[in-house]
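Worksheet for the structure shown next.
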Protein chains: 2
Amino acid sequence: MVKKKDQGAEERILSAARKVFTTKGMAGARMQDIADEAGINKALLHYYFRDKEKLFENIFIVEAQRFFPKINMIFQSDAPLFEKIENFVNEYIDEMQENPYLPWFVMNEINRDPDQFMYKVWGKNNLPKPAKFLEQIEKEIKNGTIKRFNPVHLLMNLLSMTIFPFVARPMMTRNLHLSDLQFRKIMEERRKEIPKFIIDSIRK
Amino acid sequence: MVKKKDQGAEERILSAARKVFTTKGMAGARMQDIADEAGINKALLHYYFRDKEKLFENIFIVEAQRFFPKINMIFQSDAPLFEKIENFVNEYIDEMQENPYLPWFVMNEINRDPDQFMYKVWGKNNLPKPAKFLEQIEKEIKNGTIKRFNPVHLLMNLLSMTIFPFVARPMMTRNLHLSDLQFRKIMEERRKEIPKFIIDSIRK
DNA sequence: ATATAGTTTAACCAAATGGTTAACAAAAAT
DNA sequence: ATTTTTGTTAACCATTTGGTTAAACTATAT
């Protein structure tokens, strides 16, 4: 129970819920835990957020709806390939540094019910379309600026190297003995390291 | 409810539990769901596996205890750097192809309670030690065979590219419109693609 | 045939958990 | 000063859920 009188109850609830939902998952999270963590009575949760589902959506769905379309726009922009890679990495790391719980939550929800999650975040039509990015890679291969390979691997590698360290953060920090600050610093380094790593690899 | 009379009850329970635990997580999994999925009565679960915890451990902890030390040995072996990278990728993909639930489960458990999970899998002493691998990278940098960079990034990149596609499988298959077979095939490609991608990038 | 051990089920129980209620306190409006 | 609205709590309720029990069914040995 962490009392922080300076913040209002609503804010404290949100921050507590974020913490509990993130570590325990939607199913594992207990309303009582969230109340304790926020230093308030359980009934007050229902006063501010009608029920567990609403509280959950208020935290994550809203943020996911804001964030994902941004990423999608990067992939669909007309920027050159190498620049696009840089933009993606930067935008993603920006978000993860401020919102470290998001990636884990997203993975969790996608895994639980892919269709429902996709629908909630993207709506019926506005689905993520990696096609343009893949075509762009193929074009660069034909132009002879990069090596020949299945474009899907490049996309997977880009996503993996950017997202995974945040998803696997507890494992990373534990096994590499990293403090929060050190982890943060390394992720900052990756803004340049990942594009460099990729471009060094594929450039002819 | 999927009845498969050919298998014995115990086997059906294990396979059902694997499926339910994987998609719902330990907390989200319902004993009733598992029973339904296995096409048997709930009480029979407790007949074969005393309780939920035991059932859970019987599936995953046992497999994790078998798998992780194997990976650890690769990192600590005396093989040359590039060969070690190949070995890791191959061993990991071997495992994931046969055991697609494992990576998600592991991430989930680590996230829930890092210390307890680490203890259960590795015991008190035998912790994973990436130090040797990192030192090996530094040595190669000094030898001038590979470029200069923070070795942690190479380790992160290797882990990310190998593990993430399996962790994020539902997202990958959905957004890239991949069938199970296609996914499997792409993962097979990655046995060669990942080491190639890395070596192309870091070799001087 | 009958006893025995192993397997499976329906019905039940206790604890945990999400959610409600009614009363109380503090702040704002009158 | 008094009423009204907003914020907060303890006690309670209904449902879900993990787990138990006792009975029934099946196969195998005697």
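As the structure is a computational prediction, the values presented were derived from the model and not from experiment. Throughout, protein chains are lettered first and strands after them, A, B, ... in sequence-line order, and every chain is numbered starting at 1.
- The distance from atom CG of Asp51(B) to atom C1' of dA14(C) is 16 Å, rounded to the nearest whole Å.
- Between Phe68(A) and Trp122(A), the two ring planes are tilted [angle within 30° to 60°].
- Relative orientation of the Trp104(A) and Trp104(B) rings is parallel, given thresholds of 30° and 60° on the angle between their planes.
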Atom pairs under 3.5 Å: protein N/O with N/O of nucleotides 21-26 of chain C:
none

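- Atom-to-atom, CD1 of Ile13(B) to P of dT8(C) comes out at 8 Å; the value is rounded to the nearest Å.
- Straight-line distance from the CE atom of Met31(B) to the C1' atom of dT17(D): 10 Å, rounded to whole Å.
- Heavy atoms of other residues, nucleotides or ligands lying less than 6.0 angstrom from NZ of Lys139(A) number 12 at most.
- If you take CG of Leu45(B) and P of dT8(C), they are 12 Å apart, rounded to a whole angstrom.
- Between the CZ atom of Phe49(B) and the C1' atom of dG18(D) there is a distance of 16 Å, rounded to whole Å.
- The residue Ala29(A) sits close only to the backbone: its heavy atoms come under 4.0 Å of sugar-phosphate atoms, none of a base.
- Atom-to-atom, CD1 of Ile34(B) to P of dG18(D) comes out at 8 Å; the value is rounded to the nearest Å.
- One interatomic measurement links the two molecules: CD of Gln32(B) to C1' of dA10(C), which rounds to 12 Å at whole-angstrom precision.
- In this structure, CG on Leu45(B) lies 6.5 Å from CD1 on Ile34(B), to the nearest 0.5 angstrom.
- Distance alone, capped at 3.5 Å, is enough to place a donor-acceptor pair between the Thr22(A) side chain and the Arg18(A) backbone.
- Counting distance only, with no hydrogens placed and no angle test, the side-chain atoms of Lys42(B) and the base atoms of dG19(D) include a donor-acceptor pair under 3.5 Å.
- Side-chain contact of Tyr101(A) with Asn99(A): a donor-acceptor pair under 3.5 Å is present, judged by distance alone.
- A salt bridge between Glu57(B) and Lys120(B) is present, with a side-chain N of the basic residue lying under 4.0 Å from a carboxylate O of the acidic one.
- Comment: Arg190(B) does not engage Glu193(B) in a salt bridge, judged by the lack of any side-chain N to carboxylate O separation of less than 4.0 angstrom.
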Polar pairs (N or O, both sides) under 3.5 Å between protein and nucleotides 6-8 of chain D?
| residue | atom | partner | partner atom | Å |
| --- | --- | --- | --- | --- |
| dG7(D) | OP2 | Tyr47(A) | OH | 2.9 |
| dT8(D) | OP2 | Tyr48(A) | OH | 2.9 |

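- Here Arg30(B) reaches the OP1 or OP2 of dG18(D): one of its side-chain N or O atoms lies under 4.0 Å away.
- Checked for salt-bridge contact, Glu95(A) and Arg66(A) meet the test: a charged N lies under 4.0 Å from a carboxylate O.
- Leu55(B) has its CG atom 15 Å from the C1' atom of dT17(D), to the nearest Å.
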